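Given the structure is predicted, the values throughout are model-derived calculations rather than measurements. Residue numbers run from 1 in the order of the sequence given.
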Amino acid sequence: MSLDTLTSQPMPIRARRHGDVVQVRGNGREINLPVAHLGGGRLALRLASEGVPTHNETLAACEALSNHATEEVLVVLDRALWRAREAQLLKSGCAQVLDGDTLGVFPELLWQLPDLWLPEPQPVFPQVMMPGPHGAHPLRPAKPIGTLYHRYIPWLDQVFSLRALEREADLPLFHHWMNDTRVAAFFDEAGTMAEHQGYLARMADDPHMMPVFGCLDGVPLFYFELYWARENRIGAHYEAGAWDRGWHVLVGEEHARGADYITAWLPSLMHYMFLAEPRTQALVGEPAASHHQQIRNLTRSGFARVKDFDFAHKRATLVRLERDYFFKSRLWARPDPEDPGRPLRLSCSALLTRGNTK
């Protein structure tokens, strides 16, 4: 389904892990679910005295166990205890039967569900191909408004969110950031208020571009321009998929720079773009080839460096992130494995094979 047209309703359920307990809050109540360590990254989620959580409370608890882990994690549910939720968990696709006694909630499946991060899922947008500058591309859905995405970032203890830029209300902040000498040095859009008003108006009229603010606890700190790659200038330099997407970024506030922040906004932005349109199989970027620090940040975050090429205004590096790799490698979780060369042990491909579920 296409989830690119959303409202600004807040997501009601939040979960945080506190040691061996996951605290879930929402819908006017709080429940505390015990966690037992089974070894090898397997975490058994138990029931609380309040009874069986709702489906979304269960998903939120599983998110809290997998949103920041330095090792692989598999959430294990005792089927006898969780029988009231089993059918819905299996139907959603996040859980799989491991054996006669247990279900496994796989993070690589869970994090592809929109329920916890997107305020209001939308039905699939029909695909009709239209002529374009670099070959046919799909007719694009209307641009979303309001809040697009929420995610709790445990290492910052803040909520990262994305919201669509509002042309008039956000113009002063956009103008201020674009005229910051640090930003202007690489974004190269310094100008007057009237020029920036025109810039945003042109973007509003362009179906393939979407301006977005990134916020922490509701405060805008980052600006992103999301685009469909087929219609973009980058489409002249590689064979873009019909739903491939790209992005530009600026960090508006100096204090929001550094590893703690980039490991929050970068994977969250990628997560949103994959959730917003499940037909998106790859995300691309084209940083300046001379911007070595940005390219290092991107490659550390899972992007492959494909090639260098020339725009009229700069020499660029094409970077690409595949959907399958993002979810299988848990790139949202800031992982730091002791042995990155070790084969995955708790993935679907490793466990959902006859005789290999123990």
Side-chain angles (χ1 to χ4, degrees), residues 2-4 125 127 129-130 132-144 148-149 162 164-165 183 186-189 199-200 202-214 222-251 262 265-291 293-327 331-332:
S2 177
L3 306 171
D4 233 347
F125 189 81
Q127 178 168 311
M129 302 305 287
M130 308 290 289
H134 311 299
H137 63 80
L139 177 69
R140 302 304 180 184
K143 298 176 190 179
L148 313 177
Y149 176 94
L162 296 169
L165 185 141
V183 171
F186 66 90
F187 218 83
D188 197 26
E189 288 293 343
Y199 181 95
L200 294 179
R202 289 190 297 275
M203 191 167 298
D205 292 337
D206 188 336
H208 98 283
M209 297 289 295
M210 184 172 79
V212 174
F213 273 160
F222 315 98
Y223 170 73
F224 308 106
E225 291 179 352
L226 312 186
Y227 59 82
W228 298 108
R230 271 281 179 97
E231 301 97 289
N232 193 264
R233 64 190 181 190
I234 199 173
H237 298 276
Y238 92 108
E239 190 64 34
W243 296 94
D244 283 6
R245 216 165 191 177
W247 52 283
H248 303 129
V249 58
L250 71 82
V251 178
I262 195 170
W265 67 255
L266 179 55
S268 297
L269 181 65
M270 304 306 108
H271 189 212
Y272 165 69
M273 287 191 282
F274 283 130
L275 291 183
E277 177 46 78
R279 289 171 288 190
T280 295
Q281 296 301 312
L283 304 175
V284 295
E286 26 92 344
S290 60
H291 201 326
Q293 183 60 53
Q294 186 178 14
I295 294 171
R296 279 195 295 270
N297 289 337
L298 291 169
T299 55
R300 289 170 182 168
S301 300
F303 282 81
R305 184 170 181 167
V306 179
K307 66 176 182 178
D308 289 353
F309 65 97
D310 292 312
F311 282 133
H313 66 295
K314 70 175 182 181
R315 182 152 184 80
T317 295
L318 175 65
V319 295
R320 188 172 187 271
L321 175 64
E322 294 188 357
R323 180 188 193 93
D324 192 58
Y325 179 57
F326 177 85
F327 288 106
L331 295 179
W332 66 82

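By the salt bridge (Lys or Arg N to Asp or Glu O under 4.0 Å) test, D205 pairs with no residue at all, sequence neighbours left out. Looking at residues two or more places apart in sequence or on another chain, you find a salt bridge (Lys or Arg N to Asp or Glu O under 4.0 Å) between D310 and R315.
Checked by atom type and distance alone, the side chain of R230 pairs as donor or acceptor with a backbone atom of A136 at under 3.5 Å. Side chain of K143 to main chain of D206: a donor-acceptor pair is present (N/O by atom type, distance under 3.5 Å, no hydrogens or angles).
Ring geometry for W228 against W243 counts as perpendicular: the plane angle is over 60°, on a 0 to 90° scale with 30° as the lower cut. Between F326 and F274, the two ring planes are tilted [angle within 30° to 60°]. Classified by interplanar angle (parallel below 30°, tilted 30° to 60°, perpendicular above 60°), the ring pair F309/F311 is perpendicular. The aromatic rings of W247 and F303 lie tilted to each other, with the angle between the two planes from 30° to 60°.
P287 and V319 make their closest contact through CD-CG2, 4.1 Å (heavy atoms, listed as atom of the first residue, atom of the second, distance).
Sequence neighbours left out, the pairs with a member in residues 281-291 that pass salt bridge (Lys or Arg N to Asp or Glu O under 4.0 Å) are R233-E286, E286-K314.
Contact check for Q281 versus R323: side-chain heavy atoms found under the 4.5 Å cut-off. R140 places none of its side-chain heavy atoms less than 4.5 Å from the side chain of F125.
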